[in-house]
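Here is the structure we will look at.
In what follows, every chain begins at residue 1, and chains take the letters A, B, ... in the order their sequences are listed.
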Amino acid sequence: MLDINYVRENQPKVRAAIKHKNADVDLDRLLILDEKRRQLMADIERRRGEQNRAGEDIARETDPREKQAAIDKMREFKDGLKEAEELLEPVQQEFNSLLLDLPNVPLDDVPVGADESDNEVLRSWGEPKKFDFEIKDHTELGETAGLLNFQRAAEVAGSRFVYVLGDLARMQYALMQYALNLLTDRDEIGRIVSEAGLDLPDTPFVPVVPPLMIRPEVLGRMARLEPRDERYHMESDDLYLIGSAEHTLGPLHMDQLLKEADLPLRYVACTAAFRREAGSYGRDTRGIIRQHQFDKIEMETFCLPERSREEQDLLVAVQERFLRDLEIPYRVMNVCTGDMGKPDARQIDMECWMPGQGKYRETHSADLMTDYQSRRLSTRVKRNDGSVQYVHMNDATALAMGRTLVAIMENGQRADGKINVPKVLIPLMKGLETIG
RNA sequence: GGAGAGGUGGCCGAGUGGUCGAAGGCGACGGUCUCGAAAACCGUUAUAUCUGCAAGGGUAUCGAGGGUUCGAAUCCCUCCCUCUCCGCCA
């Protein structure tokens, strides 16, 4: 959520954010309510002040008759206070809900645009490979070789589920191992930081196995409860299945006051993510691009406000390092206002070349949330000068398993139907150089 | 799932109806001492919000939300969490 003081003082920026992010919030209504709310609060606080002072007098009063008279007077006073409080309540409620609806304000250099088609290519790496044989998509490759079984998964769990089998499953575990090894290695992080020209500490990532279920109120504090029809909800326990490890990594420090020396805090987790894909019935019905359940290695970091932009650049640099190691052609996208998430101030996506589909597809996202999530989570940092600020939060994909396997399979396919294993994974797969 | 005990400031911990934002300790910060450090001693040390140019002042906050009361950290109710014992269990 945004700071109401910021909203009040930066109305043009907030108004632009609402418009450019295609949000639907009545800012004028919010500002009127804010004004009204503060008036009512001033009245209530004045009344409470009088009450407190009168209460002290009662406590001090020694004459029993005087005391009783004062108490009788206070009894009447109470009703006036209660009336004033009842006046405030509905105003405060509507104010709260409008404030929560406001999206984060994009950084100044975020491209303004309506949708995906307005995203900017920042840079690209690798060339889409030319094949001298008839190529297959990952579905065909996987089914033919017995690495993917959609049929059985559909019978067992429904559409958009899959069994990943044999050496392809082995490859997924190898990917997890490879990513985890790299992210927890201080030297590797230091190298990535310096190669990217960043001025950041080489703090390695702390591996985490987080809960896969989350309470609605916490998901709300992460600003991820909506859209609800995208989330799996377990009614009998009022719990949601996480749509990303972000959902339970982000609240790791809620209601906590950190020290400046604690930051940055960097975490990595490999978890399943659950999505209903309610709004995309016709899209990507073939293959494992869009599943109800997929495994993903996720990075979540907490840092000082003035470092958060560079911290995001670090996470992007990590993503690029992974894709280069895996020899997958990719491009880096500067996501425009209309396509970015509500809590994001800046969003960078990776798109990998998928030969089976003949186009680049999104595989990674790096989200800079600034203090939008930490304000509601109440994750703060006590600075060395004694001041207290909300930390800035970054969240980014390290590797989304399904889509990464698709990219490896389709880019690494050979004429004989076998798939080349990226060199970095070979040692982690008992020396296997091809699968299929 | 059953029974019991608890949740207080950055941390530990006292406080069972009245000038309590809350004793004491630790930590942190500033100072004295020292060549410097440690120790010792002195002092400072919550957050949010409103108001004010500022100094300051008001209000709220003792797990969360309701209630009783002139007045609640303290009493009552609901919920959340932690711990102990029992049961069940990978």
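- The partner of C89(B) is absent, by the rule that a Watson-Crick or G-U pair needs both atom distances under 3.5 Å.
- Out of U59(B), U47(B), C81(B), the shortest distance to the side chain of V388(A) is found at U47(B).
- Across all strands shown, N5(A) has heavy atoms under 4.0 Å from sugar-phosphate atoms exclusively, and none from any base.
- Heavy atoms from other residues, nucleotides or ligands lying under 6.0 Å from CD of E226(A) number more than 12.
- Within the shown strands, nothing qualifies as a pairing partner of A73(B) under the Watson-Crick or G-U definition with both distances less than 3.5 Å.
- Residue R46(A) is out of contact with every strand shown, counting any heavy-atom pair closer than 4.0 Å.
- For R380(A) and G10(B), the CZ to P distance is 8 Å, given to the nearest whole Å.
- Regarding D262(A), its CG atom lies at a distance of 13 Å from the C1' atom of A28(B), rounded to whole Å.
- Using a 4.0 Å heavy-atom criterion, one finds that R75(A) contacts the sugar-phosphate atoms exclusively.
- Not one side-chain nitrogen or oxygen of Q51(A) sits closer than 4.0 Å to the OP1 or OP2 atom of C70(B).
- Both tests pass for R37(A) against the ring of F95(A): distance under 6.0 Å to the centre and angle within 45° of the axis.
- Atom C1' of U47(B) sits at a distance of 11 Å from the matching atom of G21(B), rounded to the whole Å.
- The partner of G17(B), taking Watson-Crick or G-U wobble pairs whose two distances both stay under 3.5 Å, does not exist in any strand shown.
- Side-chain nitrogen and oxygen atoms of R38(A) include at least one within less than 4.0 Å of the OP1 or OP2 phosphate oxygen of U51(B).
- Nucleotides G30(B) and A23(B), compared at atom C1', are 24 Å apart to the nearest Å.
- Under the Watson-Crick or G-U wobble criterion, with both distances below 3.5 Å, C11(B) is paired with G25(B).
- Ring orientation note: the planes of F161(A) and H292(A) are tilted relative to one another, at an angle of 30° to 60°.
- U32(B) is paired with A40(B) under the criterion used here, namely a Watson-Crick or G-U wobble arrangement in which both key atom distances are under 3.5 Å.
- Note: Y240(A) and H233(A) have tilted aromatic rings, judged against thresholds of 30 and 60 degrees for the angle between ring planes.
- One interatomic measurement links the two molecules: CZ of R47(A) to C1' of A60(B), which rounds to 17 Å at whole-angstrom precision.
- Between C89(B) and C76(B), the two C1' atoms lie 37 Å apart (nearest whole Å).
- Taking a pair to require two hydrogen-bonding distances under 3.5 Å in either a Watson-Crick or a G-U wobble arrangement, A64(B) pairs with U78(B).
- Across all strands shown, D255(A) has no heavy atoms under 4.0 Å from either base or sugar-phosphate atoms.
- Rounded to whole Å, the separation between the P atoms of U78(B) and A28(B) comes to 44 Å.
- Put simply, CG on L258(A) is 18 Å from P on A28(B), counting in whole angstrom units.
- Here A28(B) presents its P atom at 13 Å from NZ of K382(A), a figure rounded to the nearest Å.
- Across A73(B) and A14(B), the matching C1' atoms stand 12 Å from one another, rounded to whole Å.
- The nearest whole Å value for the distance from the CD atom in Q93(A) to the P atom in G65(B) is 14 Å.
- Taking 4.0 Å as the cut-off between side-chain N and carboxylate O, D167(A) and K418(A) do not count as a salt-bridged pair.
- Among the heavy atoms of the strands, none lies under 4.0 Å from K73(A).
- Among the atoms of the strands shown, only primed sugar atoms or phosphate atoms (P, OP1, OP2) are found under 4.0 Å from some heavy atom of R8(A).
- Between A22(B) and G27(B), the distance separating the two P atoms is 23 Å to the nearest Å.
- Nucleotides U82(B) and A90(B) have their P atoms positioned 23 Å apart, rounded to a whole Å.
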For residues 337-344 of chain A, please give each side-chain donor-acceptor pair under 3.5 Å, one per line with the distance, not counting sequence neighbours.
from: T337(A); atom 1: OG1; to: H20(A); atom 2: O; distance (Å): 3.0
from: T337(A); atom 1: OG1; to: G113(A); atom 2: N; distance (Å): 3.1
from: T337(A); atom 1: OG1; to: G113(A); atom 2: O; distance (Å): 3.2
from: D339(A); atom 1: OD2; to: N119(A); atom 2: ND2; distance (Å): 3.0
from: K342(A); atom 1: NZ; to: L100(A); atom 2: O; distance (Å): 2.9

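- When distances run from any side-chain atom of R60(A) to the nucleotides G58(B), G71(B), U19(B), the shortest one goes to U19(B).
- Each of C70(B), C80(B), U49(B) was ranked by its minimum atom distance to the side chain of I71(A); first place goes to C70(B).
- Across all strands shown, U59(B) forms a Watson-Crick or G-U wobble pair, both distances under 3.5 Å, with A48(B).
- Using a 4.0 Å heavy-atom cutoff across all strands shown, I58(A) reaches at least one base atom of the nucleic acid.
- Rounded to a whole angstrom, the distance from the C1' atom of C83(B) to that of G71(B) is 34 Å.
- Remark: U84(B) base-pairs with A3(B); criterion is Watson-Crick or G-U wobble with both hydrogen-bond distances under 3.5 Å.
- At a cut-off of 3.5 angstrom, the base of U59(B) holds no donor-acceptor pair with the side chain of R48(A).
- As a whole-Å value, the separation of Q92(A) CD from A60(B) P is 15 Å.
- A donor-acceptor pair shorter than 3.5 Å can be found between the side chains of D325(A) and Y178(A).
- If you take CE of M74(A) and P of G17(B), they are 20 Å apart, rounded to a whole angstrom.
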